[in-house]
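Input: a single structure, listed below in structure tokens.
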Amino acid sequence: MSAANDPSIIDKPTVTRPLDMDDVRVDPLLALRVPANLALRREVLPFIEWRGRVHVACSDPRDAASLGAVQRAFELPVEAIPAEPESLRRALSRIYGNLKPGAGGTAAIGRPTGRGSEAEVIDAASLSDDLLYSAILRQASDIHIDPGAETLRIRFRVDGGLEEIQRLPMSVAGNLTNRFKVLSQMDISEKRAPQDGAFRHTYGDGRTLDIRAATLPTKWGERLTLRLLGLQTGVLTLERLGMDAGHLKLFEAALAQPHGMILLTGPTGSGKSTTLYAGIRRLLELEALNIITVEDPVEYDIHGVAQVTVDSADKTSFAKALRSILRHDPDVVMIGEIRDGETADIAVKASLTGHLVFSSLHTNTAAGAVTRLGDMGVERYLIASTLRLSIAQRLVRRLCARCHRPGALTAAEAIALGLPDLEGRPSFSKGGCLYCGGKGSVGRLAIFEFLPLDETWSQIVNRGAQEVEILEEMKRRGLPLLLDDALSKLAKGMTTFEEIRNAVAAW
């Protein structure tokens, strides 16, 4: 019996309502195992490996011949899932439309690792292209290439978590690493010292992506990390970040000010830069402005904004760039991060002289921005005069709205959050469905803490109030803290207790 007609590997559809493929998370590592011409011609798209099967979206679930052809690319059985035709065509175009003719079905990434033969002769150039294309489609922020004793482990960071993509023979490690080192203008002969570089990758219909690369010598060889900058430009709106109506109103009020400072605080990887960029985009929507940024590095290209990259050789430091751009008559200045007293001093002076200044600080709370600027040598009266809004934020995984499971906080969970009285409060947990790839979550959202510093705060800031005192005053005035916003999003089914505990309760 042929594969096309074997009932043991071609399962009957298990859903009756066609999938909307615009909302489905497609795993490109599965999709690229199928030849593009087959997928496009027969309208079949492998999109998830779940519960021991490869699920295939198709316009005709009863097309056994097409499903049999797809089956040959996989060792697991395939299951046909009906999909809404127009959304399926859009997904097929998104996945396969930018591939070279004849591509697909041979991607090294995602293919089972062999011993010798095929796996040993993987071409480094093709492998690197496959890897980058898969990461772009998967919306990964980082690619980790980690050598071991016997295999080369490749992982993507997606939605803040690491996903192991493939283990390849160590025989490909040297050529693959050298390929990226050449692209990044590193010295391929130097293997015992860390190096870093960058390159621009063109993909799709001429779109470009800036990539930072860094190597680190380890016991088994050079470890390589690639950071994909500015990939998720679609999230650069304030609403999609997770701001509720109250926070959005405060943020827009600060944006409407002609001068002053707006600061984002939080640890590395908490989404501060994304919020800053979203604020810049909102300003551009409101009026024509001269906006200049100083960044290390430039993470998103924004049309209409002059973006300056800080030079690693210190030819263009934050302080040097700021002193120069103030001569270019900017309305708005964005500083990637205030790292030292000199940069803080220039930022404060810029806001005093009629500029709106955006920047970020490494503090845990919104109140911590006040004390951090003071520690950098900024006088308290200057902080009170210039700081308009301080925002603390964290990132948590967003629950899939289609499969999340309602419940209530247990006594142990409430105690873990430091609020025993919350026992029984509405809570949600992860499910798993075809739309979210069985993970129970889709993307991330931010939780916020806003400290709007109007004239009523001047006396408190001027007298040298410390972070704890400012936090107590925020509570007295009824300003929601990070945990309050997190609990609100928990009750709405947007995230889980585990995410809140990891992101907020720890500090």
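If you read the sequence from its start, that first residue is 1, and numbering goes on from there.
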Give the C-alpha distance, both sets of side-chain angles, the deciding distance and a yes or no for side chain to side chain contact (heavy atoms under 4.5 Å, CB included) between L263 and I391.
CA-CA 6 Å; L263 298 181; I391 305 172; over 6 Å; no

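- Using a distance-only test at 3.5 Å, with no hydrogens or angles considered, a donor-acceptor pair links the side chain of S87 to the main chain of M21.
- When atom types are taken as modelled, the side chain of T208 and the backbone of H201 share no donor-acceptor pair closer than 3.5 angstrom.
- Of all heavy-atom pairs between I383 and G374, the closest is CD1-N, 3.7 Å.
- The side-chain heavy atoms of V70 and P46, taken from C-beta on, include a pair separated by under 4.5 Å.
- Using a distance-only test at 3.5 Å, with no hydrogens or angles considered, a donor-acceptor pair links the side chain of Q307 to the main chain of Y300.
- Note that OG of S488 is 11.0 Å distant from CD1 of I447, once rounded to the nearest 0.5 Å.
- The CG atom of L229 sits 6.0 Å away from the CG atom of D210 when rounded to the nearest 0.5 Å.
- From T225, atom OG1 reaches atom CG of L216 across 8.0 Å, with rounding to the nearest 0.5 Å.
- Across S390 and L387, no two heavy atoms sit closer than the pair CB-CD2, 4.5 Å.
- Side-chain contact between L481 and L471 is present, with at least one heavy-atom pair separated by less than 4.5 Å.
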Verdict with supporting geometry, E49 and L30, side chain to side chain contact (heavy atoms under 4.5 Å, CB included):
CA-CA 8 Å; E49 181 183 316; L30 292 176; 3.9 Å; yes

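- Looking only at side-chain heavy atoms (C-beta outward), L19 and F47 come within less than 4.5 Å of each other.
- A heavy-atom distance below 4.5 Å is not found between the side chains of S141 and L228.
- Residues T218 and P147 meet the side-chain proximity criterion, which asks for heavy atoms closer than 4.5 Å.
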Going through the checks in order, is the salt bridge (charged side-chain N to carboxylate O under 4.0 Å, His left out) test met by R281 and E285?
CA-CA 6 Å; R281 287 188 61 175; E285 293 171 1; 5.2 Å; no

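- Between the side chain of E449 and the main chain of T365, no donor-acceptor pair closer than 3.5 Å is present.
- M334 has its side chain out of reach of I291: every pair of non-hydrogen atoms, C-beta onward, lies at least 4.5 Å apart.
- L361 pairs with exactly one of R339, M376, E337 by the side-chain contact (heavy atoms from CB on, under 4.5 Å) rule, that one being M376.
- Put simply, the side chain of S134 never gets that close to the backbone of L131: no donor and acceptor are under 3.5 Å apart.
- Ion pairing between E498 and R501 fails under the 4.0 Å rule for side-chain N and carboxylate O.
- In this structure, the side chain of E499 does not engage the main chain of T496 through any donor-acceptor pair within 3.5 Å.
- Side-chain contact between I302 and I280 is present, with at least one heavy-atom pair separated by less than 4.5 Å.
- The minimum heavy-atom distance linking E413 with A408 is given by the pair OE1-O, 4.1 Å.
- L152 and V172 make their closest contact through CD2-CG2, 4.1 Å (heavy atoms, listed as atom of the first residue, atom of the second, distance).
- No donor-acceptor pair under 3.5 Å is formed between the side chain of D196 and the backbone N or O of A213.
- Ion pairing between D159 and R397 fails under the 4.0 Å rule for side-chain N and carboxylate O.
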Let's go through I470 and L451 carefully: what are the C-alpha distance in whole Å and the side-chain angles of both, what is the deciding distance for side chain to side chain contact (heavy atoms under 4.5 Å, CB included) to 0.1 Å, and is it a yes or a no?
CA-CA 9 Å; I470 297 174; L451 172 58; 4.0 Å; yes

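- A donor-acceptor contact shorter than 3.5 Å is absent between the side chain of Y435 and the backbone of C403.
- Under 4.0 Å is where a charged nitrogen must lie from a carboxylate oxygen, and between K492 and D244 no such pair does.
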Go through V442 and R25 one step at a time and tell me if the side chain to side chain contact (heavy atoms under 4.5 Å, CB included) criterion holds.
CA-CA 8 Å; V442 181; R25 302 200 75 171; 4.0 Å; yes

D454 and R388: salt bridge (charged side-chain N to carboxylate O under 4.0 Å, His left out), yes or no, with the steps?
CA-CA 7 Å; D454 54 26; R388 297 287 179 264; over 6 Å; no

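- Within 6.0 Å of atom NZ in K430, more than 12 heavy atoms from other residues, nucleotides or ligands are found, so the atom counts as buried in its surroundings.
- Rounded to the nearest 0.5 angstrom, F74 CZ and R53 CZ are separated by 15.0 Å.
- One distance of note links CZ of F497 with OG of S427; it measures 8.5 Å at 0.5 Å rounding.
- With hydrogens and angles disregarded, no donor-acceptor distance shorter than 3.5 Å links the side chain of E299 to the backbone of S273.
- For the side chain to side chain donor-acceptor pair (under 3.5 Å) test with Q393, the passing option among T275, T274, D485, T265 is T275; the others fail.
- Pairing each heavy atom of S59 with each of L88, the nearest pair is N-CD2, 3.5 Å.
- Separation of atoms CG (D142) and CD1 (I211) is listed at 11.0 Å; rounding is to 0.5 Å.
- Note: H404 and F428 have tilted aromatic rings, judged against thresholds of 30 and 60 degrees for the angle between ring planes.
- Counting all heavy atoms, side chain and backbone alike, E164 lies closest to R155 at CA-CG, 3.6 Å.
- Classified by interplanar angle (parallel below 30°, tilted 30° to 60°, perpendicular above 60°), the ring pair F450/F251 is perpendicular.
- Between N364 and R394 there is a side-chain heavy-atom pair separated by less than 4.5 Å.
- Side chain of K489 to backbone of R398: no donor-acceptor contact under 3.5 angstrom is found.
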